[in-house]
Amino acid sequence: MLDIQLLRKDAALVAERLAARGFVFNTAYFEELEGARKVFQTRTQDAQSRRNTLSKQIGMLKGKGEDTTAVMAEVAGLGDELKDLETRLAELQTELNKFLMDIPNLPHESVADGKDETANVEVSRWSTPRAFDFPVRDHVDLGEGLGQLDFAAAVKITGSRFSVMKGPLARLHRALAQFMLDVHTAEHGYTEVYVPYLVNADSMRGTGQLPKFEEDLFHVPRHAGEECTDADTLYLIPTAEVPVTNLLRDEIVAADALPLKFVAHTPCFRSEAGSYGRDTRGMIRQHQFDKVELVQMVRPEDSYAALESLTAHAETILQKLGLPYRKMALCSGDMGFSSAKTYDLEVWLPAQNTYREISSCSNFEAFQARRMQARFKAGQSKPELLHTLNGSGLAVGRTLVAILENYQNADGSVTVPEELRPWMGGAEKLTKLTPV
RNA sequence: GGAGAGGUGGCAGAGUGGUCGAAUGUACCUGACUCGAAAUCAGGCGUAGGUGCAAGCCUACCGUGGGUUCGAAUCCCACCCUCUCCGCCA
């Protein structure tokens with residue numbers, strides 16, 4: 001959510017900056033709503049004030065045993081008027097809030113203007129893709145060839161966009177998550193957290209998934225067969241960002257506790273509505289995938305330095321695994337709803353002959369913190385909104401894909417990256433599993 | 001799932017219809033005393049919003065949402081959550 005003070009002060013500027021990300025901010029409508037809100041709030045509070053004064057008089061008179069009929073008569077007419085005013089004011093505030101909740105964050109001044117991903121800016125590249133002297137296979141052929149990846153089984157059990165892994169490949173998947181967690185906790189100073197995979201609507205609103213992106217989420221009604229309201233619907237998390245960032249919702253932390261740095265490994269669930277036909281083959285786009293997520297809560301003046309270091313933490317994983325990648329600064333039109341600035345890390349996938357997103361690192365500034373009232377306080381000063389950031393460190397499924405494809409051998413086996421071997425019981429290679 | 005208890009300020013804990021935004025204790029901040037500290041004493045100390053140049057004034061908030069009333073932390077209804085015991089269970 002944007003700062004309403006900023007909207008009041010300079011709606012034109014906000015509209016201009018939002019236009020850079022393709023969002024049309026209806027200035028006239030906002031000003032109309034806000035004008036009405038002001039009038040009704042003043043009137044309502046005025047009426048409340050009158051009622052309170054008179055009611056207190058009644059109390060005092062009764063206390064002294066005096067007659068109250070005159071005052072009672074005076075206050076009698078106020079009730080209906082007040083009720084109408086309060087109702088109208090509540091409606092206006094609901095409407096205003098709805099309006100505000102649908103406005104995306106303002107892009108940071110360093111973000112390039114652009115309509116879509118074609119305007120993203122390459123910041124850096126690490127390593128060079130390996131040259132193969134045999135035809136490269138994609139991860140599906142490799143995994144199935146090894147007898148360790150089974151999409152048919154997943155379709156039978158659940159449906160499309162799920163996967164089943166077996167044996168060493170399943171272990172590789174687990175090893176990757178463990179490896180990432182260990183690096184981030186031991187080398188980058190993150191605190192590991194375990195969090196719920198189902199969250200309530202307030203949490204989804206806090207990080208910005210709701211109200212706008214409801215169809216991207218999996219809903220879990222608490223009670224079968226009944227119409228579920230907001231209060232008794234839970235949602236499967238699309239990323240650990242949601243439960244982890246919401247740890248700070250409605251909290252005021254001491255300034256000297258900052259920065260807070262959390263890392264969590266969770267499954268992520270996305271309905272992928274609207275992406276039918278995209279990446280239908282393989283593990284690139286799944287309804288369920290694992291991710292190790294980095295989250296930071298920092299003082300406002302530190303958030304851009306934090307974005308750089310958080311992104312570097314994610315890059316460390318790719319480097320340790322020897323996976324070539326490039327770092328992209330997203331343009332205004334390609335950033336997520338809540339982000340002020342985002343770097344994507346894209347890993348090289350030989351079978352696609354291209355770089356594909358494997359991590360997205362964003363600074364949300366106070367956008368999420370304002371929605372969830374996550375604040376910090378230095379000494380006796382006023383509580384202040386903190387800045388939140390997060391990034392994938394990394395998406396486990398896509399990392400697995402990248403390893404399969406980049407480390408494949410001519411015979412269909414896959415070499416285990418050296419850094420990962422301690423988490424693989426020392427195994428150096430994935431080789432064909434005899435079918436069961 | 002059954003039975004019971006309870007949700008009040010950072011924490012603890014009073015308050016069962018009327019100057020209650022809320023006693024008291026504690027924590028914290030400022031000052032006095034002290035060489036300094038402790039102890040003691042005095043004062044301060046919630047959040048959000050509106051309005052005003054400002055001092056200030058006003059409004060809302062006692063789990064959430066409704067209701068009763070001139071007036072609700074207090075009464076009524078519904079819901080949520082926590083705790084204890086029993087049952088079941090990874």
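Order of the sequence lines sets the chain letters (A, B, ...), proteins ahead of strands, with each chain counted from 1. Because the structure is a prediction, the values reported are computed rather than measured.
- Across every strand in view, B/A23 sits unpaired, with no contact that passes the Watson-Crick or G-U test at under 3.5 angstrom.
- Across B/C53 and B/U47, the matching P atoms stand 25 Å from one another, rounded to whole Å.
- Between A/Gln5 atom CD and B/G49 atom P the separation is 7 Å, expressed in whole Å.
- Using atom P as the reference point in both B/G9 and B/A5, the two lie 22 Å apart (nearest Å).
- With a 3.5 Å ceiling on both atom-pair distances, the Watson-Crick or G-U wobble partner of B/U51 is B/G56.
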> Quick one: what's the B/S/- string for nucleotides 55-78 of chain B, heavy-atom cutoff under 4.0 Å, read 5' to 3'?
Replying inline: ---SBS-------S-BS-------
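- Counting non-hydrogen atoms under 4.0 angstrom, A/Arg37 reaches the backbone sugars and phosphates but no base.
- Rounded to a whole angstrom, the distance from the P atom of B/A73 to that of B/G17 is 13 Å.
- Salt-bridge annotation for A/Arg21 and A/Asp113: absent, with no side-chain N of the basic residue lying under 4.0 Å from a carboxylate O of the acidic one.
- When the P atom of B/A48 is taken as reference, atom CD1 of A/Ile4 falls 15 Å away, rounded to whole Å.
- Comparing B/C57 with B/G21, their P atoms are spaced 14 Å from each other, to the whole Å.
- Look at A/Glu272 and A/Arg270 and you find no salt bridge, because none of the NZ, NE, NH1 or NH2 atoms lies under 4.0 Å from a carboxylate O.
- Within the shown strands, B/G46 is the pairing partner of B/C61 under the Watson-Crick or G-U definition, both distances less than 3.5 Å.
- Each of A/Asp344, A/Leu318, A/Ile317, A/Leu349 was checked for a side chain to side chain contact (heavy atoms under 4.5 Å, CB included) with A/Ile358, and the lone residue meeting it is A/Leu318.
- Residues A/Phe151 and A/Phe162 keep their aromatic ring centres 6.0 Å or farther apart.
- Between A/Arg37 and A/Glu34 a salt bridge is recorded (basic side-chain N to carboxylate O distance below 4.0 Å).
- In this entry the distance linking CG of A/Asp3 with C1' of B/G49 reads 13 Å, nearest Å.
- The same atom, P, is picked in B/C11 and in B/G67; the two are 30 Å apart, to the nearest Å.
- Summarising the base pairing, B/A3 is matched to B/U84 through a Watson-Crick or G-U wobble pair whose two defining distances lie under 3.5 Å.
- The distance between atom CG of A/Asp250 and atom C1' of B/A48, rounded to the nearest whole Å, is 12 Å.
- Rounded to whole angstrom, the span from the CG atom of A/Leu385 across to the P atom of B/U47 amounts to 13 Å.
- Judged by Watson-Crick or G-U wobble contacts below 3.5 Å, the nucleotide B/A37 has no partner.
- Computed from coordinates, the A/Phe376 CZ to B/G10 P distance equals 18 Å when rounded to whole Å.
- Inter-residue side-chain proximity for A/His188 and A/Val183 is flagged as met; some heavy-atom pair is nearer than 4.5 Å.
- Within the model, atoms OH of A/Tyr235 and CD of A/Glu214 stand 4.5 Å from one another, a figure rounded to the nearest 0.5 Å.
- The one candidate from A/Gln296, A/Glu293, A/Lys261, A/His184 that meets the side-chain hydrogen bond (donor to acceptor under 3.5 Å, both in side chains) condition with A/Tyr190 is A/Gln296.
- For the C1' atoms, the distance from B/A32 to B/A12 is 29 Å, rounded to whole Å.
- Salt bridge annotation for A/Asp290-A/Arg174: absent, with no cationic side-chain nitrogen under 4.0 angstrom from a carboxylate oxygen.
- With C1' as the reference atom, B/C88 and B/C28 are 47 Å apart, rounded to whole Å.
- For the C1' atom pair drawn from B/U26 and B/A14, the interatomic distance equals 15 Å after rounding to whole Å.
- Between the C1' atom of B/G50 and the CD atom of A/Gln93 lies a distance of 10 Å, rounded to the nearest Å.
- Rounded to whole Å, atom C1' of B/A48 lies 14 Å from atom CZ of A/Arg370.
- Heavy atoms of A/Arg8 sit under 4.0 angstrom from primed sugar atoms or phosphate atoms, though from no base atom.
- The shortest distance between the side-chain N/O atoms of A/Arg43 and the OP1/OP2 oxygens of B/U51 is not below 4.0 Å.
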